[in-house]
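The structure appears below as structure tokens.
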Amino acid sequence: MSELISNKAKLYYEVKGDGYPIIFTHGASWNHMQWNKQVEFFKDKYMTITWDVRGHGYSTLPDGPVNSEDFSSDLIALMDHLKLDQAILCGLSMGGHISLQTAIKYPQRVKSLILIGSPCSNTLNLYEKIFVPINRFSSKMISMELSGKLQAKMLSKFNPENYNYIINAFSMITKGNWVRVWDAVTRMESKNDLHKVKCPTLLLIGDHDTMTNKHQPYMHERIKNSTLKTIKNAHHSTNLDNPSSVNEEIMNFIKL
């Protein structure tokens, strides 16, 4: 197992392939295995790097409140550990927001961005301002088992294989860690800093993703050097639902 220590957290990561580095960051409650089909596709031409965000998968979480600033700091710590001056960052949902904040805070370290079903705020509209605090509270009340089953059922309509993956990913997170991590994730805000993103950016959204479909066009309007593409037959678990289309769009983008 490959690990590093970043701000008291032990972070698990995997590196496969050689070439220019692409760092894949998973969604909330998931882990590095989300990207297996991307790793298989890109590892022959690129260095693929996957990792478990603190509190997820095989990574640990120190005691106390979680600061969302730690997420992007951890990503930079991973790059420093691997001696990477720059990399392509790819993330889905929470992982996309982490990648986005890394490009905002450390622009010299990011060659390009791939944001899949990624939010840029938790207060983009009135619905989120009302729903997110309720969701934050409900995460404390609902068991991890039930949360996993509800999410797995919703996000496995296009690819039934998603169900077991999501259940297994949830089972690797303790209730206490999840509550603390989710509290931090649902307080991440970047909507007022989008103009600071200068690198080429690919925005991908599943055609059935009702969770972040307002965010992607919003970012496209405010990130100057951005391209917005829709992935057919995909919900919020976009790269799991339609990996071939996601891989094709990513390859076309990074070859430019």
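- Annotation: side chain of Ile114 is not in contact with side chain of Leu89 (no heavy-atom distance under 4.5 Å).
- Glu249 contributes no side-chain N or O that, together with a main-chain N or O of Leu204, makes up a donor-acceptor pair within less than 3.5 Å.
- Aromatic pair Phe24/Trp35: ring centres closer than 6.0 Å.
- Under a hydrophobic-cluster definition in which Ile, Leu, Val, Met, Phe, Trp and Tyr are linked whenever side-chain heavy atoms come within less than 4.5 Å, directly or via other members, Leu78 and Ile5 are assigned to different clusters.
- Inter-residue side-chain proximity for Phe41 and Ile250 is flagged as unmet; no heavy-atom pair is nearer than 4.5 Å.
- The aromatic rings of Trp178 and Trp182 lie parallel to each other, their planes meeting at an angle below 30°, with 60° marking the opposite boundary.
- Looking at Thr60, its side chain does come within 3.5 Å of a backbone N or O of Lys10 through a donor-acceptor pair.
- Between Ile22 and Ile49 there is no side-chain heavy-atom pair separated by less than 4.5 Å.
- No donor-acceptor distance shorter than 3.5 angstrom exists from the side chain of His81 to the backbone of Met79, with no hydrogens or angles considered.
- The aromatic ring centroids of His208 and Phe158 lie less than 6.0 Å from each other.
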Side-chain polar contacts of residues 14-21 - donor-acceptor pairs under 3.5 angstrom, sequence neighbours left out - could you list them?
from, atom 1, to, atom 2, distance (Å)
Glu14, OE2, Tyr12, OH, 2.4
Glu14, OE2, His32, NE2, 3.3
Tyr20, OH, Gln86, OE1, 3.4

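- Side chains of Ser6 and Asp74: a donor-acceptor N/O pair is present below 3.5 angstrom, by distance only.
- Under the 4.5 Å side-chain criterion, counting only non-hydrogen atoms from C-beta, Leu100 is in contact with Leu194.
- Under a hydrophobic clustering in which Ile, Leu, Val, Met, Phe, Trp and Tyr are joined whenever their side-chain heavy atoms come within less than 4.5 Å, directly or via other members, Ile167 and Tyr165 fall into different clusters.
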- Message: Apply side chain to side chain donor-acceptor pair (under 3.5 Å) to residues Asn7 and Asp70 and explain how you reach the verdict.
- Response: CA-CA 8 Å; Asn7 194 15; Asp70 289 337; 3.0 Å; yes
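- Proximity of Met188 to Ile98: side-chain heavy atoms (C-beta onward) are separated by under 4.5 Å at one or more points.
- Of the possible polar contacts, none joining the Asp52 side chain to the Tyr13 backbone as a donor-acceptor pair under 3.5 Å is found.
- Within the 4.5 Å cutoff, no side-chain heavy atoms of Lys191 are placed close to those of Asp193.
- Checked by atom type, the side-chain pair Ser190/His97 shows a donor-acceptor distance below 3.5 Å.
- If you chain together hydrophobic residues whose side chains sit under 4.5 Å apart, Met94 and Val179 never meet in one group.
- A side-chain donor from one of Thr123 and Glu189 sits under 3.5 Å from a side-chain acceptor of the other.
- Every residue two or more places apart in sequence or in another chain that forms a side-chain contact (heavy atoms from CB on, under 4.5 Å) with Thr174 is listed here: Asn177.
- No hydrogens or angles considered: nothing links the side chains of Gln101 and Ser72 as a donor-acceptor pair under 3.5 Å.
- Annotation: side chain of Ile205 is not in contact with side chain of Thr238 (no heavy-atom distance under 4.5 Å).
- Side-chain N or O atoms of Lys175 include one that pairs as donor or acceptor with a backbone N or O of Ile142 at under 3.5 Å.
- Residue pairs satisfying the salt bridge (Lys or Arg N to Asp or Glu O under 4.0 Å) criterion with at least one member in residues 87-109, sequence neighbours excluded, are listed as follows: Glu69-Lys105, Asp80-Arg109.
- Looking at Ser147, its side chain never comes within 3.5 Å of a backbone N or O of Met144 through a donor-acceptor pair.
- One side chain, Thr212 or Asp209, offers a donor N or O that lies under 3.5 Å from an acceptor on the other.
- In summary, the side chains of Asn162 and Ser237 do present a donor paired with an acceptor at a separation below 3.5 Å, with no hydrogens or angles considered.
- At a cut-off of 3.5 Å, with distance as the only test, no side-chain donor of His215 or Ser118 sits close to an acceptor on the other residue.
- Remark: the backbone N or O of Asn159 is not paired with any side-chain donor or acceptor of Ser156 at under 3.5 angstrom.
- Between the side chains of His220 and Ser226, a donor-acceptor pair is found at a separation under 3.5 Å.
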